[in-house]
K.L.:
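Sharing a structure, written as C-alpha cells. Questions coming.
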Amino acid sequence: MINFDNYRQNDRMYGGSAGRKIGIVYENADYIIKFPGNLRERAMKNINLSYSNSPICEYIGSKIYELLDIPVHETILGKRNGKIVVACKDFMEQGDRLYEFDKIKVTFEPSFLDSNGNETNGTGVDLYEILMTIYEHPFLQGVDGVEERFWQMFIIDALIGNGDRNNTNWGIIVKADGSKQLAPVYDNGNCLNCKWDIEHIQKVLADEKVFISEAYNGRRTIFELNGKSVNPYHLISSMEYEGCNTQVQKLIPVIEKRMPDIKNLIVSIPELESTQSIFYQKLIETRYEKVLMPTYTKLLEDDIIPSKKEGADNYVY
C-alpha cells in the first residue's frame, strides 16, 4: 500500500462520473488517483458501508486482465487522506487523443438495422449495432484487433462480474503521427459487487440458489438484443457468435492456468476481510466452472475448435 498523501495534484483533468479522481505525478509518471464512491443511498439499500470497495475492485479486475495477458492500464493500490485508493497510470502520451467507442459510433451513418429490425444511427447499445459498427465504420478500418478486444472484454468482464462495460470506457488512441491503436483496457472498478457490505455477502454465501443467481443466472450487461438487456453468461454459452467462440478458445486455457494466481492475488490484499476474499474467489471460480469451461468443452466436443488430445501444433494456449 503506497501512501499517496505527499503527492501534489497535477494540472491534468480526467472525466467520467464514477467517483472523484485527481491526477498526480508518481515516480516521474502521470497517474489518476481514484477515490471510493460515497454511498449516500446506503440507508435505503441496507448497505452498511460508508464508501464502496471500487478502488480494491479496480485493482483486482485490472490485475486479472494483466494475468490473462490482455493489455490493461497499470494499477497501484494505496491510501490518500485515510481512504483506500487506486492509482491508475495514465496511458496517454504527449499528443495522443483518445476516442471512446461512443464518440466513434455517433459519427457513423450505417446502412444496417439493429436486432429489432429498426434503422439505426449507431448510437445505441444494441449488440448487433455495436458489432456492425466494428465491422464497417471507416475510422476502425486498419485498426488491428478491435472485434477481438470487444469479445475479450466481454468474456473477462463476465468472469469478474463487471456489468458496467459500455461504449464510453473503451476506445482507440490516435497518436501524434496519426496512427491508430487500441487503448489498453481501463475502468474495471465496477466488478465483484464492489458496493456490497459484509452482512449482505454473508447472506448470499449462505443461500446457494441466491448465490448462483448473483454469480451468473440473474446478471445483465448494458448491451441489448431485441430490446432486452443481455445476460453475458447465456450469450457465451449459446455459442452463437463466432468472435466470442474464438476468444473462448484462446482465453479459457489461460484462465485455467492462471486461476491459482488469481486466487493468490485476492488473498494477498490484507485490506479485504476474509468473507470478501472468499466471496470474490467463489464468484470467479463458479463462473469459470459453470459457464466458461463447459462452453469451451462443448466447443471441443463439437469440433468447433482444435482438440488438445489431437495435439494441434498451432493451437494457442
K.L.:
Is the closest basic N to carboxylate O distance between Lys175 and Asp96 below 4.0 Å?
P.N.:
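Yes, this pair counts.
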K.L.:
Mark yes or no: Arg80 above the aromatic ring of Phe4, with NZ or CZ under 6.0 Å from the six-membered ring centre and no more than 45 degrees from the axis.
P.N.:
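No cation-pi geometry.
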K.L.:
Check the side chains of His73 and Glu58 for a donor-acceptor pair under 3.5 angstrom, ignoring hydrogens and angles.
P.N.:
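Note: Glu58 and His73 side chains meet the donor-acceptor criterion.
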K.L.:
Can you see whether Tyr135 engages Glu147 through a side-chain donor-acceptor pair at a distance of less than 3.5 angstrom?
P.N.:
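Indeed, the side chains of Tyr135 and Glu147 share at least one donor-acceptor pair under 3.5 Å.
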K.L.:
Quick one: which residue pairs count as a salt bridge (charged side-chain N to carboxylate O under 4.0 Å, His left out) with a foot in residues 215-228, not counting sequence neighbours?
P.N.:
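Counting only pairs at least two positions apart or across chains, the salt bridge (charged side-chain N to carboxylate O under 4.0 Å, His left out) contacts touching residues 215-228 are Glu214-Arg219.
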K.L.:
Can you name the nearest heavy-atom pair linking Ile155 to Leu292, along with the distance?
P.N.:
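For Ile155 versus Leu292, the nearest heavy atoms are CG2-CD2, 4.2 Å.
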K.L.:
Between Asp5 and Asn81 (side chain of the first, backbone of the second, donor and acceptor by atom type, cut-off under 3.5 Å), is there such a pair?
P.N.:
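Yes; at least one donor-acceptor contact below 3.5 Å.
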K.L.:
Run the numbers on Asp302 and Lys298 for salt bridge (Lys or Arg N to Asp or Glu O under 4.0 Å), then give the verdict.
P.N.:
CA-CA 6 Å; Asp302 291 347; Lys298 186 69 164 56; 2.7 Å; yes
K.L.:
Can Lys105 and Glu129 be counted as an ion pair, charged N to O under 4.0 angstrom?
P.N.:
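A salt bridge is present here (some side-chain N lies under 4.0 Å from a carboxylate O).
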K.L.:
If I take atom CG from residue Leu192 and atom CD1 from residue Ile284, how far apart are they, to the nearest 0.5 angstrom?
P.N.:
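Separation between the atoms: 5.0 Å.
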K.L.:
Give a yes or no on whether a salt bridge exists between Asp187 and Lys34, defined as a side-chain N under 4.0 angstrom from a carboxylate O.
P.N.:
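A salt bridge is present here (some side-chain N lies under 4.0 Å from a carboxylate O).
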K.L.:
Counting N and O atoms only, with roles assigned by atom type, does the side chain of Gln141 sit under 3.5 Å from a partner on the main chain of His137, one being a donor and the other an acceptor?
P.N.:
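Checking the backbone N and O of His137 against the side chain of Gln141, a donor-acceptor pair under 3.5 Å is found.
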K.L.:
Identify the heavy atoms of Gly145 and Leu182 that sit nearest to each other, and give their distance.
P.N.:
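In terms of heavy atoms, the two residues are closest at O-CD1, 3.3 Å.
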K.L.:
Do Asp126 and Ile130 make a side-chain contact, defined as non-hydrogen atoms from C-beta onward lying under 4.5 Å apart?
P.N.:
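They are not in contact (no side-chain heavy atoms under 4.5 Å apart), so the answer is no.
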K.L.:
Would a distance-only check, ignoring hydrogens and angles, find a side-chain to backbone donor-acceptor pair under 3.5 Å from Asn53 to Ile56?
P.N.:
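Between the backbone of Ile56 and the side chain of Asn53 there is no qualifying donor-acceptor contact (under 3.5 Å).
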K.L.:
Using atom types as modelled, flag every donor-acceptor pair under 3.5 Å from a side chain in residues 22-31 to any protein atom, sequence neighbours excluded.
P.N.:
unit_1, atom_1, unit_2, atom_2, d
Asp30, OD1, Asn10, ND2, 3.2
Asp30, OD2, Arg12, NH1, 2.9
Tyr31, OH, Glu74, OE2, 2.8

K.L.:
Quick check against the 3.5 Å criterion: does Asn169 have a side-chain atom that pairs as donor or acceptor with the backbone of Asn166?
P.N.:
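It does hold such a pair.
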K.L.:
Would you say Ser62's side chain and Tyr59's backbone share a donor-acceptor pair under 3.5 angstrom?
P.N.:
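No, the answer is negative, given that no donor and acceptor are paired below the 3.5 Å cut-off.
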K.L.:
Could you check whether Lys21 makes a cation-pi contact with Phe35, meaning its NZ or CZ is under 6.0 Å from the centre of the six-membered ring and within 45° of the ring axis?
P.N.:
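No - Lys21 does not lie over the ring of Phe35 by the 6.0 Å and 45° rule.
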K.L.:
Give the intermediate values and the outcome of side-chain hydrogen bond (donor to acceptor under 3.5 Å, both in side chains) for residues Arg165 and Asn190.
P.N.:
CA-CA 9 Å; Arg165 183 72 60 198; Asn190 198 7; over 6 Å; no
K.L.:
Under a 3.5 Å cutoff, is there a donor and acceptor pairing between the side chains of Asn167 and Asp102?
P.N.:
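Short answer, no.
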K.L.:
So which pairs with a foot in residues 279-295 pass side-chain hydrogen bond (donor to acceptor under 3.5 Å, both in side chains), sequence neighbours left out?
P.N.:
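Pairs touching residues 279-295 that pass the test: Glu208-Lys282, Tyr233-Arg287, Lys263-Glu285, Ser277-Gln281.
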K.L.:
Minimum heavy-atom separation for Pro138 and Phe108, please, with both atom names.
P.N.:
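So the minimum-distance heavy-atom pair works out to CD-CE1, 4.0 Å.
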K.L.:
Would you say the side-chain atoms of Asp157 pair up with the backbone N or O of Gln152, donor to acceptor, closer than 3.5 Å?
P.N.:
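No, the answer is negative, given that no donor and acceptor are paired below the 3.5 Å cut-off.
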K.L.:
Which heavy atom in Ala183 sits nearest to a heavy atom in Leu98, and how many Å separate them?
P.N.:
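Heavy atoms only, the tightest pair is CB-CD1, 3.9 Å.
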K.L.:
Tell me whether Asn245 contacts the main-chain N or O of Gly243 through its side chain, where contact means a donor paired with an acceptor under 3.5 Å.
P.N.:
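Flag not set: sc Asn245 to bb Gly243 has no pair under 3.5 Å.
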K.L.:
Could you tell me whether the side chain of Ser229 and the main chain of Thr221 form a donor-acceptor pair under 3.5 Å?
P.N.:
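Flag not set: sc Ser229 to bb Thr221 has no pair under 3.5 Å.
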K.L.:
Students often mix this up, so state it plainly: with edges at 30° and 60°, are the rings of Phe150 and Trp170 parallel, tilted or perpendicular?
P.N.:
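Tilted: the ring planes of Phe150 and Trp170 meet at 30° to 60°.
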K.L.:
Does the side chain of Ile160 come within less than 4.5 Å of Tyr65's, by heavy atoms?
P.N.:
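A side-chain contact exists here, since the closest heavy-atom pair is under 4.5 Å.
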